[in-house]
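Everything numeric in this text was worked out from a predicted model, so none of it was measured. For the numbers below, each heavy atom of this structure counts, side chains included, while hydrogens, waters and symmetry mates do not.
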Amino acid sequence: MRRGINLNTEEHNAFATFSKKVNWHLGIGDVSAATGVSQSQLRYWEQKGYITSEKEKGQNRKYSYETLIRVFIINNYIKQGFTLTAAVKKAAAHRETMELLKRSMVDRFQGIDEIDGYPAINLGFVDGQQTEVLYLVVKEDRTDVKIVKQA
């Protein structure tokens, strides 16, 4: 019933540390091309403090991967009919939710096993006696929660 990737504490800590340090940067043209938001609009959003870039003396703006995602989300809300200000607020709330999900998954992730032929994300023990493990079983149309007793 169980097989797959399991992380020991050292590997788990290394994964958690790496996920916090990933830091890619894109030029304004790349962000514009990827999101469909014009370069002038990106500059305006930056001027208003809605997004940020890094710019060293004599260099072009460089946007982080996080900013790219933020631009996608803001633009998506605008396409849904929200004003820029409302879209920025909704994007901030979305970011907080995603950060909580990311942190909880990094903290709890113990590996990937297989249950009933499906990939199962091992989220670790749920009891102090360490006799039950919580899994998220990922199926084609849904994700089931399952607690598995350990032998």
Side-chain angles (χ1 to χ4, degrees), residues 2-126 133-147:
R2 294 187 56 206
R3 72 172 201 249
I5 302 167
N6 287 302
L7 299 179
N8 66 30
T9 304
E10 184 177 318
E11 290 167 329
H12 183 260
N13 291 338
F15 173 73
T17 300
F18 170 77
S19 70
K20 292 174 185 171
K21 290 184 178 180
V22 173
N23 195 17
W24 295 296
H25 286 87
L26 303 164
I28 193 169
D30 297 324
V31 173
S32 178
T35 63
V37 176
S38 71
Q39 292 184 28
S40 61
Q41 192 69 31
L42 291 170
R43 288 185 199 97
Y44 176 75
W45 291 5
E46 190 172 347
Q47 179 187 18
K48 297 296 267 181
Y50 298 150
I51 61 173
T52 60
S53 69
E54 295 178 17
K55 186 176 179 185
E56 293 185 20
K57 195 173 188 175
Q59 291 186 342
N60 295 328
R61 288 175 170 83
K62 295 292 181 183
Y63 295 94
S64 68
Y65 179 73
E66 181 180 324
T67 299
L68 172 70
I69 299 304
R70 184 170 175 81
V71 169
F72 268 119
I73 293 168
I74 292 169
N75 196 40
N76 186 48
Y77 284 125
I78 290 171
K79 287 178 181 178
Q80 291 178 34
F82 292 95
T83 65
L84 176 58
T85 303
V88 168
K89 287 179 184 175
K90 289 185 82 55
H94 182 269
R95 180 176 182 242
E96 288 177 23
T97 299
M98 295 311 293
E99 280 298 317
L100 284 171
L101 285 170
K102 177 182 167 186
R103 192 174 87 211
S104 63
M105 288 303 290
V106 167
D107 289 348
R108 293 293 307 198
F109 181 76
Q110 297 299 310
I112 299 175
D113 296 324
E114 184 177 303
I115 295 177
D116 301 329
Y118 295 102
I121 300 169
N122 179 339
L123 296 179
F125 293 106
V126 295
V133 175
L134 178 65
Y135 285 95
L136 298 177
V137 182
V138 182
K139 298 182 177 179
E140 291 84 15
D141 60 342
R142 69 183 187 282
T143 298
D144 292 338
V145 177
K146 186 167 188 168
I147 295 177

Heavy-atom distance under 4.5 Å between the side chains of [X] and [Y], does that happen here?
X    : Y    : value
Q41  : N75  : no
V145 : L136 : yes
Y118 : D144 : no
V37  : V31  : no
D116 : V137 : no
Y63  : I28  : yes
V88  : I51  : no

Sub-3.5 Å donor-acceptor pair from the side chain of R103 to the main-chain atoms of M98, do we have one? no
Which residue pairs pass the ring pair (Phe, Tyr, Trp, His ring centres under 6.0 Å) test with at least one member in residues 72-104, sequence neighbours excluded? Y77-F82
Distance, nearest 0.5 Å, that separates [atom1] of [X] from [atom2] of [Y]:
X    : Y    : atom1 : atom2 : answer
K139 : I115 : NZ    : CD1   : 9.5 Å
L68  : T35  : CG    : OG1   : 7.0 Å
S40  : W45  : OG    : CH2   : 11.0 Å
H25  : S53  : NE2   : OG    : 9.0 Å
I121 : Q110 : CD1   : CD    : 12.5 Å
F109 : N122 : CZ    : CG    : 8.0 Å

Return the set of residues passing salt bridge (Lys or Arg N to Asp or Glu O under 4.0 Å) with R43 (not counting sequence neighbours), or none when no residue passes. none
Distance-only side-chain donor-acceptor flag, T85 / T83, under 3.5 Å: no
I'd like to check the side chain to side chain contact (heavy atoms under 4.5 Å, CB included) partners of S32; sequence neighbours left out, ordered by chain and number. Q39, L42
Can you see which heavy atom on L123 is nearest to which on M105, and at what distance? CD2-CE, 3.9 Å
Which atom pair, heavy atoms only, marks the closest approach of I74 to A87? O-CB, 3.7 Å
